[in-house]
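Take a look at the structure set out below.
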Amino acid sequence: MAKIEIRTNAAPQPPARFSQGVRKGNVLQVAGQVAFDPATGKIVGDTVTEQLAQTMRNLNAVLEAGGASIDDVVMLRVYLTDTAHFAELNAAYDQYVTDPAPARTTVYVGLPAGLLIEIDALAVLED
């Protein structure tokens, strides 16, 4: 089965040579999405809650372009720049996922200036 690149103008374009998403069969991997507005390239929001909203809009756009939705996501990896943001993330997170919630890993990383959060996703679609 072929590996298919997923690309949409509804999410920011990658700054390097990688795909927004890749689908192979019924598996879709979405590359890490951040809070860039796809139209302007500027960061949306100064808080984790605000950046989470834009990040999820971008993530959902790539999922949709790949024929999936958040309901198909089995794993989310969340990257935060500060451990102090964990409670704020958890307070806002529930409005973006459905039950049963995807598995989730949260790690702390360095991101480009101004970015507080990045999220990637693994979705499995119906055959």
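Throughout, numbering of the chain's residues begins at 1 and tracks the sequence.
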Would a distance-only check, ignoring hydrogens and angles, find a side-chain to backbone donor-acceptor pair under 3.5 Å from [X] to [Y]?
X: Q54; Y: V44; value: no
X: Q29; Y: V22; value: no
X: E88; Y: T47; value: no
X: R23; Y: G25; value: yes
X: D72; Y: S69; value: yes

Give me the atom names and distance for the closest heavy-atom approach of [X] to [Y].
X: L59; Y: A121; value: CD1-CB, 3.8 Å
X: G114; Y: Q51; value: O-NE2, 2.8 Å
X: T8; Y: A61; value: CG2-O, 3.8 Å
X: A92; Y: L52; value: CB-CD2, 3.7 Å
X: R7; Y: F18; value: NH2-O, 3.9 Å
X: L28; Y: V62; value: CD2-O, 4.5 Å

Less than 4.5 Å apart, any side-chain heavy atom of [X] and any of [Y]?
X: I117; Y: V78; value: yes
X: Q20; Y: Q13; value: yes
X: Y79; Y: D120; value: yes

How many angstroms lie between [atom1] in [X] and [atom2] in [Y], if you round to the nearest 0.5 Å?
X: D71; Y: T98; atom1: CG; atom2: OG1; answer: 4.0 Å
X: Y96; Y: I119; atom1: OH; atom2: CD1; answer: 9.0 Å
X: L89; Y: L116; atom1: CG; atom2: CG; answer: 11.0 Å

Q: Take I70 and V73 through the test side-chain contact (heavy atoms from CB on, under 4.5 Å) and record every step on the way to the result.
A: CA-CA 5 Å; I70 195 69; V73 172; 4.0 Å; yes
Is [X] linked to [Y] within one hydrophobic cluster, defined over Ile, Leu, Val, Met, Phe, Trp and Tyr using a side-chain heavy-atom separation of less than 4.5 Å?
X: L115; Y: V107; value: yes
X: V48; Y: Y108; value: yes
X: L63; Y: V124; value: no
X: V74; Y: M56; value: no
X: V27; Y: M75; value: yes

**Q.** Short side-chain donor-acceptor distance under 3.5 Å, E64 and N60
**A.**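 No, E64 and N60 have no side-chain donor paired with an acceptor closer than 3.5 Å.
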Sequence neighbours excluded and cut-off under 3.5 Å, please list the side-chain donor-acceptor pairs for residues 30-39, or say none.
unit_1, atom_1, unit_2, atom_2, d
Q33, NE2, A31, O, 3.2
D37, OD1, A39, N, 2.6
D37, OD1, T40, N, 3.3

Q) Does CG belonging to D82 count more than 12 external heavy atoms closer than 6.0 Å? A)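 Yes, enclosed.
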